[in-house]
Amino acid sequence: MPELPEVETVRRGVAEWVTGREIATVEVRHPRAVRRHLAGPVDFAERLTGAIVTGARRRGKFMWLPLDTGDALLCHLGMSGQLLIQPPAAPDGPHLRVRLGFTEGDTELRFVDQRTFGEMLVSVDGAELPGQIAHIARDVYDPLFDAAAFSAALRTRRSEVKRALLDQSLISGVGNIYADETLWRTMVHGGRPTESLTADQVTAMLGHLRDVFDAALAQGGTSFDSLYVKVNGESGYFDRSLEVYGREGLPCRRCGTAVVREKFTNRSSFYCPRCQPPAHMTP
DNA sequence: ATACGGTCCTGTTCGC
DNA sequence: TGCGAACAGGACCGTA
């Protein structure tokens, strides 16, 4: 599942391959891929055609390609989305959703997405920051990310820590996997009430979050070659570095206690019951 | 305003 | 063996 490190890996690859290129052709293969472009697929294509990509930017799990028109091509990979740089002659495959051709160069940009949770849209005048993601909080790599403000906001919430970590309007880029990894490193159970965390604990948690992201990014950064911008939704390349996610019944890498899996808002949470005692067991 | 469960989607895995 | 159920989950939306 692409979270911040995976999206950043894709952003770097896309930036390298499409910056400065002029979009010549746009083909929307599945309308759902542009469902949030309310003016429709034809308008989507018209706004892109002839525009020059000036870079690739990211906030949290969203990335966008600023265009010389002042608009931006906004993209979210969802659960299974990939952006691929491929030769036009490469086989389409069953999950090709959008294809962008350029006036020059031997490659095209493809949006491939099996589960169609991902999406693309053209944000009018969105080059600097698409209005559609104005509500998305800055992520920990943003120079303007305000740790103190995050800490204050989190601790005044009446919610649970994991839920807060996953709230993209509070802090962006964190998904289910890295939330569990961060909580394990912080030795805090995700069900802990947000107001029960001390400022020092929040500071430590942010440090662990950055460490986990850094480690994943270091791996992701080496995982795509020149013609394939990789987002691996199936057998993730970060599997090796996971300390707790997906390890139900296996020994905690810190203390050896069997990792527990529990239901959390229609998904799974993994934690060590000894290192991360559930809230009701915390003094 | 904040909190939170339901919903979308499809390939894979699981259980009877 | 076959087939339906469960599972994976990010962001949005309606409701309280």
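These numbers come from a predicted model, not from an experiment. The chains referred to below are lettered A, B, ... by the order of the sequence lines, with proteins before strands, and numbering in each begins at 1.
R36(A) has its CZ atom 16 Å from the C1' atom of dC9(B), to the nearest Å. Rounded to whole Å, the distance from NZ on K263(A) to P on dG6(B) is 13 Å. Put simply, CZ on F264(A) is 17 Å from P on dC7(C), counting in whole angstrom units. Nucleotide dC7(C) holds its C1' atom 14 Å from the CD1 atom of I177(A), rounded to whole Å. Nucleotide dC12(C) holds its P atom 10 Å from the CD1 atom of I133(A), rounded to whole Å. Atom CG of N266(A) and atom P of dC12(C) are 18 Å apart (whole Å). Rounded to a whole Å, the NZ atom of K61(A) is 5 Å from the P atom of dG10(C). Residue E160(A) contributes atom CD, which lies 7 Å from atom P of dC4(B) at whole-angstrom precision.
Map T265(A) and R97(A) each onto its nearest nucleotide of DNA chain B; the residue landing nearer the 5' end is T265(A). In terms of position along DNA chain B, the nucleotide closest to T156(A) lies nearer the 5' end than the nucleotide closest to the other residue of the pair T156(A) and R32(A).
A sub-4.0 Å separation between OP1 or OP2 of dC4(B) and a side-chain N or O of R163(A) is present. For S159(A), a side-chain nitrogen or oxygen approaches OP1 or OP2 of dC4(B) to under 4.0 Å. Close to dG10(C), at under 4.0 Å from its OP1 or OP2, lies no side-chain N or O of H76(A).
The listed nucleotides are dC12(C), dC7(C), dG10(C); the one nearest the side chain of E3(A) is dG10(C). Taking only side-chain atoms of R158(A), from C-beta outward, the nucleotide of dA3(B), dC9(B), dC4(B) with the closest atom is dA3(B). Comparing dT10(B), dG5(B), dG10(C) by their nearest atom to the side chain of R115(A) picks out dT10(B). Set against dG6(B), dA3(B), dC12(C), the side chain of H135(A) has dC12(C) as its closest nucleotide. Side-chain atoms of F117(A) lie closest to dC9(B) of the nucleotides dT10(B), dA3(B), dC9(B). Candidate nucleotides dG10(C), dG11(B), dC12(C) were compared by shortest atom distance to the side chain of Q114(A), and dG11(B) ranks first. Of the candidate nucleotides dC4(B), dG5(B), dG11(B), dG11(B) has the atom nearest to the side chain of H95(A).
If you take CH2 on W184(A) and CG on D180(A), they are separated by 12.0 Å, rounding to the nearest 0.5 Å.
In this structure, Q276(A) and V188(A) approach most closely via the heavy-atom pair NE2-O, 3.0 Å.
Counted by atom type alone, S172(A) and K61(A) present zero donor-acceptor pairs between their side chains at under 3.5 Å. For the residue pair E262(A)/H189(A), the side-chain donor-acceptor check at 3.5 Å is satisfied. Side-chain polar atoms of D113(A) and S80(A) form a donor-acceptor pair below 3.5 angstrom.
Within the 4.0 angstrom heavy-atom criterion, no nucleotide atom of any strand lies near E119(A).
R29(A) and D92(A) are joined by a salt bridge, as a carboxylate oxygen and a charged side-chain nitrogen come within less than 4.0 angstrom of each other.
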